[in-house]
Amino acid sequence: MSASSGAAPQKMTIAKALNAGMRAAMEADSKVVLLGEDIGKLGGVFRITEGLQKDFGEDRVIDTPLAESGIMGTAVGLALRGYRPVVEIQFDGFVYPAFDQIISQVSKMHYRSQGHLKLPMVIRIPYGGGIGAVEHHSESNEAYFAHTAGLRVVTCSSAEDGYWMMQQAIASDDPVVFYEPKRRYHERGEVELGESAPHGLHDAVVRAEGSDVTLLAYGPMVKTAMIAAQSAEAEGTSIEVIDLRSLSPLDLPVILESVKKTGRAIVAHEAQTFLGMGAELAAMIQHESFYHLEAPVIRVGGYNIPYPPSRHEEVFLPDLDRVLDAVDRSLAY
Amino acid sequence: MSDDVVAPVATAAPATHEPPARDITDGGPDMVQFLDADGQPVALNEVNSPYAEYVDAIDDEQLRSLYRDLVLVRRVDAEGHALQRQGELGLWPSLLGQEAAQVGAGRAMRPQDYAFPGYREHGVAWCKGVDPINLLGMFRGVNHGGWDSNENNFHLYTIVIGNQMLHASGYAMGVQKDGMVGTGDPERDTAVMAFTGDGGTAQGDYNESLVFASVAHSPVVFFVQNNHWAISEPNDRQFTIPPYQRARGFGIPGVRVDGNDVLASLAVTQGALDRARSGGGPTLIEAFTYRMGAHTTSDDPTKYRIAAEVDIWKKKDPIDRLRKHLESKGLADQEWLEALDAEADELALRIRTACQQMPNPPHSEMFEKVYAEPHPLVEREREEFLAYQASFEEED
Ligand SMILES: Cc1ncc(C[n+]2csc(CCOP(=O)(O)OP(=O)(O)O)c2C)c(N)n1
């Protein structure tokens, strides 16, 4: 199957779109190699790499030993040798053994070599909660990486973005941490295979236009935000939903333009709010558009506790009610 | 896409690395064994004789109680699996096939010995006196473990592969510092056991734990259950030299034991624990065994492994093996076996009932125990959360 045939739009899940994106990148560039635990015959525990080993061989889709620091450090070496490794971390909570390599080496290589060395690699992390999993399988650790200069951090919320952003991330000469919203893997959407990417890797996109409040979301929360916008509309409130897509760099102009229009901003994410993405967004927005704001920027997020046992998920994860509650609070100013 | 990062390299590199033949069914000549697959005693040889004293010391009652352990542990596991299938648990990692390795190791431990498990060590938990019901909470999603580790010297399950190995080395250093090694007092001398799988041996933490224990000469026994699979990856993805041989490179002895032979597993672990308690330092035990089921209830092993492999291991079943041994010694008549089955049924029923009755914790509990001392942010969020929840009740 060739991804570059200019075919009509296809309906597919985010999972399949990510797979198709990797496939297209592997077809386009023989230096793209995949590394990870269980990514070969099993196709990964979420089946995102399904069929790729069968079609590209064990030399390009490499089942690694069960060692994340090993996977990451080896990928650094491969990238230094001219390959473009795409690494799968099995679950969000298992990236920490590789944290040292990512923070100490991956993020700084270009800088410390004064630009002589490039590390074109993608670190794929299925993230977030809502799947009833045990400990360490539901975390949103994007802030650690967004906090680290030298890394690009992105996340998709639709099949189309899954397909295109994966290819753009692989094509980037910088290391990209690519967060995949695991509870949305099976959401379907239209993907135009073969045409050029509709958005740049680091563009924020307005998913719903509105005039009363700007709602900033990314990854798994975009769907919640869209539902919030629809139900608010029924009650006469107009919400503008922005899908950030890129957490580092942030597409600030798009965000600020919207806030200027609405005068209100709410950030919704699953991660703990303390020192999370919402904290940065709130700081930037108030700094850049203080005089346009009608209300303080409100954050809706996970509580500042370890990700709880799954029986608490429904109230831990920001849901429609909590988002709408924040909208009400914002409008009350 | 820039291709000019470095000079282009050949992309279709020849595969020069021949993977080693997998020792899938035969543990090789170094493997300590006391019962063969038919439950018949294995003659003494160079490899097993150092442990013969431990096997000789097992009397008929102990033999029967080992069998009882195996049967009950398998039933606990089967019940966990069934409860998951019925939607009572979110997940269950089965120990099917590994009962003898775990019961052997668990029964070798004294009450003061401390165990650091992974997430599949239901049999060790059983031997350490942990109520199986405690194991269900985290798989049901009501807690992250919850039991008091210090009650039975059995630490919480650890899900991140390898993390617990270092905890064991550190705990063992503490035991050393406390002077609880080599006193000659069997009530006092203490050892620590660390459990992981063959996949775990690839982790940095695992390797670092061996270095630390070796250098500090700590009283810790590393128990690697080589069950041949790490989810979909066969063990030849984790090592080319088996763990028991690699131990030497860390400066500690390594022993391979037949993990489906409970007598061998018990004896070898007793030997290693005695050594550790007396100040002899760490040992690595590789229990050669097999994961008979799926990795967990979310896994589909038909995607990656052939049924023939499983069939070979069925014939090595640890429970059949010990039963045949008991029968040949006249220690297991029908009546006794049936009584044991009835006991297993009762246990299963108790687990099932307790699981079904396990209440969902009130959501406010999420905010408990995050810190040992009060934390203003958590407290404020708890208040906000409660007020927010209450606002729905007012609406109703
Ligand atoms: C650091 C880390 N990476 C990945 C995982 C996901 N995972 C859970 S179990 C497992 C395989 C473990 O295999 P092994 O160590 O052989 O133990 P077994 O499950 O066979 O008992 C993997 C990869 C994890 N729990 N922790």
Side-chain angles (χ1 to χ4, degrees), chain A residues 25 28-31 37-43 45 57-60 63-70 79-84 90 93-94 96-97 100 117-120 131-137 170-173 273-274 303-306 308-316 321-322 325, chain B residues 1-3 5-9 11-13 15 90-91 119 137-145 157 159-163 197-206 230-233 237-239 298-300 303-305 360-361 363 365-367 370 375 377-378 381-382 385 388-389 391-392:
Chain A
D29 183 349
S30 63
K31 289 186 192 151
E37 295 156 9
D38 302 295
I39 65 170
K41 274 198 185 124
L42 189 64
V45 292
E58 293 184 19
D59 276 351
R60 292 191 65 196
D63 267 327
T64 66
L66 208 181
E68 286 77 9
S69 182
L80 290 174
R81 180 68 196 178
Y83 288 87
R84 303 183 92 85
Q90 202 156 68
F94 306 141
Y96 305 115
D100 173 34
L117 299 176
K118 289 175 186 154
L119 284 189
I131 62 163
V134 290
E135 258 192 307
H136 313 294
H137 290 72
I170 294 172
S172 169
D173 276 342
T273 53
F274 188 71
Y303 298 106
N304 293 283
I305 59 174
S310 58
R311 299 268 161 160
H312 298 306
E313 273 184 331
E314 57 176 294
V315 293
F316 176 85
D321 283 335
R322 277 174 64 199
D325 179 65
Chain B
M1 189 166 315
S2 90
D3 271 351
V5 181
V6 295
V9 290
T11 46
L91 184 83
Y119 45 80
M138 78 181 298
F139 298 114
R140 192 175 166 85
V142 303
N143 60 39
H144 286 325
Y157 276 0
I159 294 207
V160 183
I161 305 291
N163 281 174
D198 41 284
T201 67
Q203 282 288 357
D205 275 10
Y206 167 89
I231 311 190
S232 74
E233 299 195 12
R237 282 278 153 202
Q238 314 299 341
F239 42 73
S298 331
D299 176 39
D300 175 8
K303 286 221 181 268
Y304 55 82
R305 97 178 162 186
N360 277 349
H363 290 314
E365 231 174 60
M366 281 195 296
F367 299 94
V370 179
H375 187 291
L377 175 56
V378 176
E381 283 198 336
R382 183 193 11 229
F385 173 80
Y388 178 62
Q389 293 291 308
S391 72
F392 290 105

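Sequence lines set the chain letters: A, B, ... in the order given, protein chains first and strands last, and positions in each chain run from 1.
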Next item on the list: Examine whether an atom of B:R382 lies under 4.5 Å from a heavy atom of chain A, and if so say whether it belongs to the side chain, the backbone or both; otherwise answer neither.
Entry: neither

Check: Side-chain contact, heavy-atom cut-off 4.5 Å: B:E365 with A:P308?
Finding: no

Note to self: With rounding to the nearest 0.5 angstrom, report the CG to CG distance, A:L42 to B:D300.
What the structure shows: 7.5 Å

Next item on the list: For the residue pair B:Y388 and A:R322, establish whether any side-chain heavy-atom pair is separated by less than 4.5 Å.
Entry: yes

Item checked: Top contributor to chain B contacts, counting heavy-atom pairs under 4.5 Å, from A:T273, A:I305, A:V45 -> A:I305

Note to self: On a heavy-atom basis, which atom in A:H137 and which in B:I159 lie closest, and how many Å separate them?
What the structure shows: CE1-CG2, 3.6 Å

Margin query: Return the CG to CD1 distance between A:D63 and B:I231, rounded to the nearest 0.5 Å.
Written below: 10.5 Å

Note to self: How close do A:P309 and B:V142 get, counting heavy atoms only, and between which atoms?
What the structure shows: CB-C, 3.6 Å

Next item on the list: Mind listing the closest non-hydrogen atom pair of B:H144 and A:E135 along with its distance?
Entry: ND1-CG, 3.0 Å

Check: Could you give the distance from CD1 (A:I39) to CD (B:E233), rounded to the nearest 0.5 Å?
Finding: 8.5 Å

Next item on the list: Give, for atom CG of B:N360 and atom CD of A:E314, the distance between the pair rounded to the nearest 0.5 Å.
Entry: 8.0 Å

Check: Which bit of B:V160 comes within less than 4.5 Å of chain A, counting heavy atoms only: side chain, backbone, both or neither?
Finding: both

Checklist line | Contacting region of A:E37 [heavy-atom separation from chain B under 4.5 Å] | finding: both

Next item on the list: Kindly give the heavy-atom pair with the smallest separation between B:A202 and A:P65, and that separation in Å.
Entry: CB-CB, 3.8 Å

Next item on the list: Output the option from B:F139, B:F385, B:Y206, B:Y157 having the highest count of non-hydrogen pairs under 4.5 Å with chain A.
Entry: B:F385

Item checked: Verdict with reasoning, B:F392 to A:D321, per side-chain contact (heavy atoms from CB on, under 4.5 Å) -> CA-CA 10 Å; B:F392 290 105; A:D321 283 335; 3.7 Å; yes

Next item on the list: Quick one: which of A:G93, A:P97, A:P306, A:A67 has the most heavy-atom pairs under 4.5 Å with chain B, could you say?
Entry: A:A67

Checklist line | Minimum side-chain heavy-atom gap B:S232-A:D38 below 4.5 Å | finding: yes

Check: Is the closest side-chain heavy-atom distance between A:E68 and B:Q203 below 4.5 Å?
Finding: yes

Next item on the list: Find the one option among B:Q238, B:M138, B:M366, B:R237 whose heavy-atom pairs under 4.5 Å with chain A are most numerous.
Entry: B:M366

Next item on the list: Return yes when atom OH of A:Y96 has more than 12 non-hydrogen atoms of other residues, nucleotides or ligands closer than 6.0 Å, and no otherwise.
Entry: yes

Checklist line | Toward chain B, the part of A:Y303 with a non-hydrogen atom under 4.5 Å | finding: both

Check: Based on non-hydrogen pairs under 4.5 Å, which of B:H363, B:Q389, B:K303 is most in contact with chain A?
Finding: B:H363

